[in-house]
There are 2 protein chains.
Amino acid sequence: MGAPTVYDVAKRAQVSIATVSRVYRNPDTVRSQTRDRVLAVARELGYVPSGNARGLASRSTGVLGLCFPDYADPEVEDDGAADDPEQMLYADEITRGMERAARRHGYALLIAASLAGGPESLVAKVAGRVDGFAVLARTVPTEDLEIISRRLPVVMIAGPREIDHLDHLEVANADGEYEMATHLIRDHGLRRLAFLGGTTDSPDAEARFHGFQRACAAAGLAVPDEPDTRGNFTQADGRAATDRLLQRVGQPPEAMVCANDQMALGALQALERQGLRVPQDVAVVGFDGIPLGRMVRPSLTTVTQPMRKLGEAAVDLLVERLGEPNRSPRSMLLPVTQTRRESCGCPSPAPEAGLSRLG
Amino acid sequence: MGAPTVYDVAKRAQVSIATVSRVYRNPDTVRSQTRDRVLAVARELGYVPSGNARGLASRSTGVLGLCFPDYADPEVEDDGAADDPEQMLYADEITRGMERAARRHGYALLIAASLAGGPESLVAKVAGRVDGFAVLARTVPTEDLEIISRRLPVVMIAGPREIDHLDHLEVANADGEYEMATHLIRDHGLRRLAFLGGTTDSPDAEARFHGFQRACAAAGLAVPDEPDTRGNFTQADGRAATDRLLQRVGQPPEAMVCANDQMALGALQALERQGLRVPQDVAVVGFDGIPLGRMVRPSLTTVTQPMRKLGEAAVDLLVERLGEPNRSPRSMLLPVTQTRRESCGCPSPAPEAGLSRLG
DNA sequence: CCGCATCCTGTAAGCGCATACACTAGGCGG
DNA sequence: CCGCCTAGTGTATGCGCTTACAGGATGCGG
């Protein structure tokens, strides 16, 4: 009934359990004749090594972990939305990147969205079973992270560098937004730009605003202290924030620079409702590079984050640190790319891959 | 240096290791006063229970696994394609579904794409570390599956039911294609339908063809023995197969029913190149419901698979079986939905969620 | 023929935890 | 005041594997 173990295999193959173990761990240290016999018996018995026992004994699991917040609202999960690419958020792309990279390095990936059971559950589930893991900002309480990171490598993805001895990964938020704003000012000749910011507790959004400020300063424009309006990153927030802005200022801005794509989409909607044309009357740009941005009309100009690469870099950092535990903490800044589509006033981009003859 | 263990906590809290263990496993069996003391010490020391040791001792891990083939070609991974929603394939949606469902049941998810290191690596990595897992068809050699399934619950997703004592999950391929073909025949009055099939070793594609046959038979049309042309599921194959078909038969068919969306997209391209209008001259329908189908013009009518639900159902089956190991094997058939867009001749659909004011 | 290095294999000691079982201290009815 | 039950805790064992360490062969030079 119970699954066969090294003991069963050893007995049947007339060797000691050590030899069986060696066959799997250090095949070259076993005479090939013996090895073949053991393997044959193993196959015959249906032996599968216990990862737990192996991990216990060798103090390593060959598994990396990823914790991310549970963005999606489980309630709103009708079938339509369930397969909506809009739902293809951040975390999924990072997961994909990590999975790939982990595999390349011979690791498997354990994923967990933090939610249920309090922090204990997350910690127990993931931290106890992996050799190291990545955390999306604000998923795990800093306090817990502090504890866990004493035990195994942790890399923090995005967000602020809450704990300074952790490896840290972020994208060029400020530089990306600087470039984008500069593009609007320089290439499209726009002067009255408005910034639709995120919540003040989002370091990413704040960094983007700083980039925006720098661009204004560099162009000799008035530098705002604060975003002209703010939202909580959803499309609905983008609409509302845009409405508020339009209501407040008499004349609409020439361009709206939004802290993320979702809100930029909301801005598009709000502007259209007000009878303002994009990009003729108001240019709109986002940040993130979500798939939906390509589908809407006008298509959304945005700063594209290398989300897949974030995941890969996270794994690389973990593997590096596993190999060299006392290496000083590293912080990586990943570059972003400008994706110029229609909403900033650029000509409709060349048809994109896969759509060449369909557009 | 080494991470703190139950022993460290026990000594510091002046209790036995058993008590420490109980604090985590059966908190109610420990006097609250003692419990608090232990927890305080644990926090102080930064104690994190070892999942390996726990798993070893309790013979369960609280982790479910997912194995899927590595579809994406790692070579073709320039940044553009990397974030392309076209890449958002099957496996990713299933992963999402499983992750959600697993979390609901208190499990974490271990994912591994089969590729490197021979089957041993996959088996060792996943099978040895989980309480049960799901396999996408043809990922793991049947022979290995046979062995592993003697040890722990395995549910097979899609594909044929290779091993009959396994729980099995599939979508209504035949019925879905039957409905779709019937729609073309009955609602659009089309009679000369061509089927663009997959490879013969794909049971899914074959099942879809059977549905197509049934629809033909039901409508009193000639029933083909074989698909009119075949491809290997990629867009390029769809183009090539369509070209071959058009070249072979003098008159183009009134409709092309394609075994999957990718090939349907290829068909769209090939038809347009030949100067044939879709859907006026030739209707085209796909199968799968990939996001890209919504983006192309004409937008693609297709049979949408509930991929997310597949993942959830897989977890449900696993959890069920874990609770009742000797339950007789179950096979679930998930329904598909018809997604009627432009390419079949239906009117452009109502704007979809999130695009309402943007289209 | 002996000593020693080389190769292969066995012995045994954990790895960190769960848990059956034994045990102690009270509480309670008789 | 005794037996018995309950609650709380400790003792001891084992989960299945890895890995020093310790041999037993074997081959070689001396």
Side-chain angles (χ1 to χ4, degrees), chain A residues 1-39 41-42 45-63 120 123-125 127-131 151-152, chain B residues 1-38 41-42 45-62 120 123-125 127-131 151-152:
Chain A
M1 194 60 210
T5 72
V6 272
Y7 295 97
D8 303 314
V9 175
K11 195 187 307 173
R12 201 105 198 291
Q14 320 240 46
V15 295
S16 73
I17 61 164
T19 299
V20 175
S21 177
R22 276 191 279 261
V23 165
Y24 287 90
R25 296 272 71 71
N26 304 299
D28 343 319
T29 70
V30 177
R31 202 188 352 170
S32 66
Q33 179 186 332
T34 313
R35 194 192 322 151
D36 294 344
R37 183 155 36 96
V38 169
L39 284 175
V41 170
L45 259 40
Y47 168 69
V48 178
S50 154
N52 283 325
R54 176 174 298 184
L56 221 209
S58 67
R59 280 172 274 309
S60 84
T61 64
V63 178
E120 170 56 31
V123 166
K125 275 278 183 279
R129 323 198 70 87
V130 299
D131 290 342
R151 194 189 211 277
L152 43 75
Chain B
M1 193 62 211
T5 72
V6 272
Y7 295 97
D8 303 314
V9 176
K11 194 186 309 173
R12 202 105 198 291
Q14 319 239 46
V15 295
S16 72
I17 62 162
T19 298
V20 176
S21 177
R22 277 191 277 261
V23 165
Y24 287 90
R25 298 271 70 72
N26 303 299
D28 343 318
T29 69
V30 177
R31 199 181 359 162
S32 67
Q33 179 185 332
T34 313
R35 194 191 323 150
D36 293 345
R37 184 155 37 98
V38 169
V41 171
L45 258 41
Y47 168 69
V48 178
S50 154
N52 284 325
R54 178 174 296 183
L56 221 208
S58 67
R59 280 170 275 304
S60 83
T61 64
E120 169 57 30
V123 167
K125 275 278 182 284
R129 323 197 71 86
V130 299
D131 290 343
R151 193 188 212 277
L152 44 74

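In this text, all values refer to a predicted model and were calculated from it rather than measured experimentally. So that the names make sense, note that chain A is the first sequence line, chain B the second, and so on, each numbered from 1.
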Is the shortest side-chain N/O distance from [X] to OP1 or OP2 of [N] below 4.0 Å?
{"X": "B:T19", "N": "D:dG10", "result": "yes"}
{"X": "B:T34", "N": "D:dT9", "result": "yes"}
{"X": "A:S16", "N": "C:dG10", "result": "yes"}

What are the two closest non-hydrogen atoms of [X] and [Y], and how far apart are they?
{"X": "B:V41", "Y": "B:V9", "result": "CG1-O, 3.9 Å"}
{"X": "A:A53", "Y": "B:L56", "result": "CA-CG, 3.8 Å"}
{"X": "B:G46", "Y": "B:P4", "result": "O-CG, 3.5 Å"}
{"X": "B:R151", "Y": "A:P49", "result": "NH2-C, 4.2 Å"}
{"X": "B:R129", "Y": "B:N52", "result": "NH2-OD1, 3.2 Å"}

Rounding to an integer number of Å, can you tell me how far [X] [atom1] sits from [N] [atom2]?
{"X": "A:R35", "N": "C:dC8", "atom1": "CZ", "atom2": "P", "value": "9 Å"}
{"X": "A:R31", "N": "D:dA25", "atom1": "CZ", "atom2": "P", "value": "13 Å"}
{"X": "B:Y47", "N": "C:dG16", "atom1": "OH", "atom2": "C1'", "value": "7 Å"}
{"X": "B:R54", "N": "D:dC17", "atom1": "CZ", "atom2": "C1'", "value": "19 Å"}
{"X": "A:R151", "N": "C:dC15", "atom1": "CZ", "atom2": "C1'", "value": "12 Å"}
{"X": "B:D28", "N": "D:dG8", "atom1": "CG", "atom2": "P", "value": "10 Å"}
{"X": "A:K11", "N": "D:dC17", "atom1": "NZ", "atom2": "P", "value": "14 Å"}
{"X": "B:N52", "N": "C:dA18", "atom1": "CG", "atom2": "C1'", "value": "15 Å"}

Problem - No-H, no-angle donor-acceptor pair, B:R59 side chain to D:dG16 base, under 3.5 Å - result: no
Handout entry: Distance-only donor-acceptor test (3.5 Å): side chain A:Y7, base D:dC15
Key = no
Among [options], which nucleotide has an atom closest to any side-chain atom of [X]?
{"X": "A:V6", "options": "D:dT19, C:dC17, D:dG16", "result": "D:dG16"}
{"X": "B:S21", "options": "C:dA18, D:dG16, C:dC8", "result": "C:dA18"}
{"X": "A:A57", "options": "C:dG14, D:dC15, D:dG10", "result": "C:dG14"}
{"X": "A:V30", "options": "C:dT9, D:dC17, D:dT19", "result": "C:dT9"}
{"X": "B:T5", "options": "D:dG16, C:dC17, C:dG10", "result": "C:dC17"}

Exercise for the section: Take B:A18 and B:S58, find for each the nucleotide of DNA chain D with the closest heavy atom, and name the residue whose nucleotide sits nearer the 5' end. Expected result: B:A18
Exercise for the section: Assign A:V20 to base, sugar-phosphate, or nothing according to its heavy-atom contacts below 4.0 angstrom with the strands shown. Expected result: nothing
Exercise for the section: By nearest nucleotide on DNA chain C, pick out whichever of B:S50 and B:R22 is the more 5' one. Expected result: B:S50
Handout entry: Note, B:V6 side chain near B:Y47 side chain (heavy atom, < 4.5 Å)
Key = yes
